[in-house]
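Letters go in sequence order (proteins before strands), and every chain restarts at 1.
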Amino acid sequence: MEYKKIISERLSTLTGLSTETIEKLIEIPPKPDMGDFAFPCFQLAKTLRKAPNLISQELKDKIDKSGFEKVEAVGGYLNFFVDKSYLAKNTLSKILTEKEKYGHSNIGKGKTITIDFSSPNIAKPFHVGHLYSTAIGNALYKMFSSQGYKCVGINHLGDWGTQFGKLIAAYKRWVDEEALEKEPIKELLRIYVKFHEEAEKDPSLEDIARMHFKNLEDGKEEEVMLWKKIKEVSLIEFNRIYDMLKIKFDSYAGESFYNDKMDEVVELLQEKGLLTESKGALVVNLDEYNMPPCIIKKSDGATIYATRDLAAAIYRKRTYDFYKNIYVVGTPQTLHFKQVFTTLKLMGFDWADDCIHVGFGLVKFADKKLSTRKGDVIFLEDLLKEAIERAKELIEQKNASLENKDEVAKVVGIGAVVFTYLKNNRERDIIFSWEDILNFDGETGPYVQYSYARGRSVLRKANGYDISNTDFSKLNSQEETELIKLLASFNDVIINALEKYEPSILTRYIIDVAKTFNKFYNLHPILSVEDEMLKNARLALVDATTIVIKNGLSLLGIDVVERM
RNA sequence: GCGCCUUUAGCUCAGCUGGAUAGAGCAACGGCCUUCUAAGCCGUGUGUCGGGAGUUCGAAUCUCUCAAGGCGCACCA
């Protein structure tokens with residue numbers, strides 16, 4: 001906000017401190033009746049050798065108060081109250097003019113950001129854990145795009161690796177072709193689980209699996225054919241889920257895509273003299289950085305994921321010339337990415353510093369852990385369907401006359417799930433509970449969507465309003481001012497969230513907006529107000545609020561409904 | 001053993017880069033629909049901010065230490 005600048009400039013001339021240091025000190029008081037901005041004078045107390053409350057008093061007398069309703073000295077604080085009608089007018093007209101572009105900016109113009117997210121493993125079910133990366137990555141994609149960055153969404157499919165040896169071995173032994181036709185992933189999961197059970201009894205299966213993978217790498221016909229088939233049926237299922245979530249990728253270049261790009265990486269490492277042999281494997285030693293070595297080639301000569309990640313990073317730099325290269329991958333892989341980024345740096349690529357691992361926590365049950373190998377998973381599709389079902393029930397219960405119930409149930413149900421995933425700090429684990437995730441009360445997606453629908457309903461009934469016949473200075477209740485101030489900070493919030501790669505900051509902001517709006521809605525009549533100027537001003541405020549909620553949710557990949 | 005993370009109300013979590021009496025939601029209880037959607041609003045909390053020490057005008061926030069839990073530590077991704 002420009003207010004901080006104005007305040008710091010005025011204080012700078014009075015105190016001699018730089019505008020920058022002052023701007024950093026300026027804070028927002030905990031309660032609205034204490035003002036909109038505050039400057040703590042405690043630090044000045046030392047240099048001026050004067051009590052903080054005397055300093056604030058003195059500054060209060062001397063400072064230029066134009067543009068502010070008033071300036072007060074409370075204890076060691078200098079509190080500023082902004083001119084509310086000015087704020088209301090500026091904020092609301094800006095929102096109503098910019099509409100769906102409100103909150104957007106151009107600070108990323110000309111810069112490309114690659115975002116690696118979702119990236120499920122082929123042949124394994126898309127379970128509730130995968131939504132974490134998918135939701136965060138998609139939100140970051142939309143948020144960065146809104147600030148003018150060109151984003152490239154990459155689904156780095158797990159379509160290579162020794163697991164395919166296992167799968168091929170299992171396929172040849174136990175697959176039920178009929179079941180595979182009907183529910184491919186479920187059947188693949190079944191034989192994958194069976195493989196692990198059988199391998200416990202007969203460890204030689206592991207060797208057979210390794211052999212199959214080696215054959216696959218060597219391009220043997222049977223293995224390649226099976227691999228292709230598995231990949232094909234998996235993608236059909238994944239796309240069904242991405243469609244439900246309305247998520248699109250710009251690239252599906254998965255692990256197998258880099259098969260022919262790894263020799264070059266090995267050569268480059270060789271040239272730089274970074275490779276050493278250790279226990280039969282080729283590694284980059286990272287002792288100096290207090291990390292275990294980065295393995296480039298296994299002792300059997302086969303490649304490993306670190307090699308692929310190196311190849312992928314180099315490919316992405318060459319292809320997209322990224323400004324930032326983001327990986328939305330779980331925190332357990334923190335060390336792996338440190339190793340890869342450090343290796344890139346050692347290879348002489350300064351852009352290694354632009355590679356960012358955006359980690360997130362685990363999705364787990366209260367008691368046990370999700371495990372694909374044991375078949376202990378909840379399919380994301382089942383969760384989404386359940387949520388839609390629950391939303392449908394609530395509609396029948398609360399608004400049975402609604403026209404497009406199924407459509408609304410879909411938006412609300414899916415919105416509730418995605419919202420839950422984006423509500424908390426991403427590094428926190430999500431404890432999965434049907435009860436919590438299907439509870440649509442309180443700080444949830446449906447709550448926010450409901451607030452939006454309420455606002456839209458008022459606007460529909462108003463049947464338009466005359467923005468030119470408005471007196472914004474009449475929006476002076478505490479609820480109205482608070483709401484306006486919140487709406488004004490939308491862009492700041494997005495920027496702040498992006499700096500931390502943390503969508504939850506935006507999610508919580510939207511909750512705040514909805515909460516403040518509901519208070520306003522409950523306390524102040526809108527349509528029945530006789531004063532036409534006030535009525536129009538309130539309608540403008542409702543209009544602006546719905547715009548911000550809609551834009552905000554859209555950045556999180558969540559839709560709104562006009563009625564619910 | 002080493003490294004990283006977590007610890008705030010019964011439960012799930014916020015707490016902006018050190019600041020004014022530590023906040024929400026859920027759950028519980030009590031109020032509010034002849035007026036704009038009650039998926040809403042209002043009210044009710046005796047919290048050692050895991051323990052201890054330090055830094056300073058001031059610490060949930062920074063440093064150190066201890067404790068509990070989690071994750072990771074070379075041929076899986």
Q.
At less than 4.0 Å, is any side-chain N or O atom of A/Lys398 found next to OP1 or OP2 of B/A39? Yes or no.
A.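 Affirmative; the distance criterion is met.
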(Q) Counting C-beta onward and ignoring hydrogens, is there a side-chain heavy-atom pair between A/Phe440 and A/Tyr450 closer than 4.5 Å? (A)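 Sidechains of A/Tyr450 and A/Phe440: no contact.
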So what does [X] touch, heavy atoms closer than 4.0 Å: a base, only the sugar-phosphate, or nothing?
X        : result
A/Met291 : nothing
A/Ile395 : base
A/Gln163 : nothing
A/Pro29  : base
A/Pro525 : base

Listed nucleotide nearest any side-chain atom of [X], set [options]:
X        : options             : result
A/Ile526 : B/C36, B/A39, B/C41 : B/C36
A/Lys500 : B/C16, B/G40, B/A14 : B/C16
A/Lys279 : B/A74, B/G15, B/A39 : B/A74
A/Arg563 : B/A20, B/U37, B/G40 : B/U37
A/Arg454 : B/A74, B/A77, B/A38 : B/A38
A/Asn424 : B/G72, B/U12, B/C16 : B/U12

Q.
Looking only at the side chains, is there a donor atom on one of A/His524 and A/Glu479 sitting less than 3.5 Å from an acceptor on the other?
A.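 The criterion, which ignores hydrogens and geometry beyond distance, is satisfied for A/Glu479 and A/His524.
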Q | Ring centroid separation A/Phe80 to A/Phe39 under 6.0 Å | A |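 Ring-ring flag for A/Phe80/A/Phe39: false, centres at least 6.0 Å apart.
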Q. Within a radius of less than 6.0 Å around NZ of A/Lys410, do more than 12 heavy atoms belonging to other residues, nucleotides or ligands occur?
A.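 No, not enclosed.
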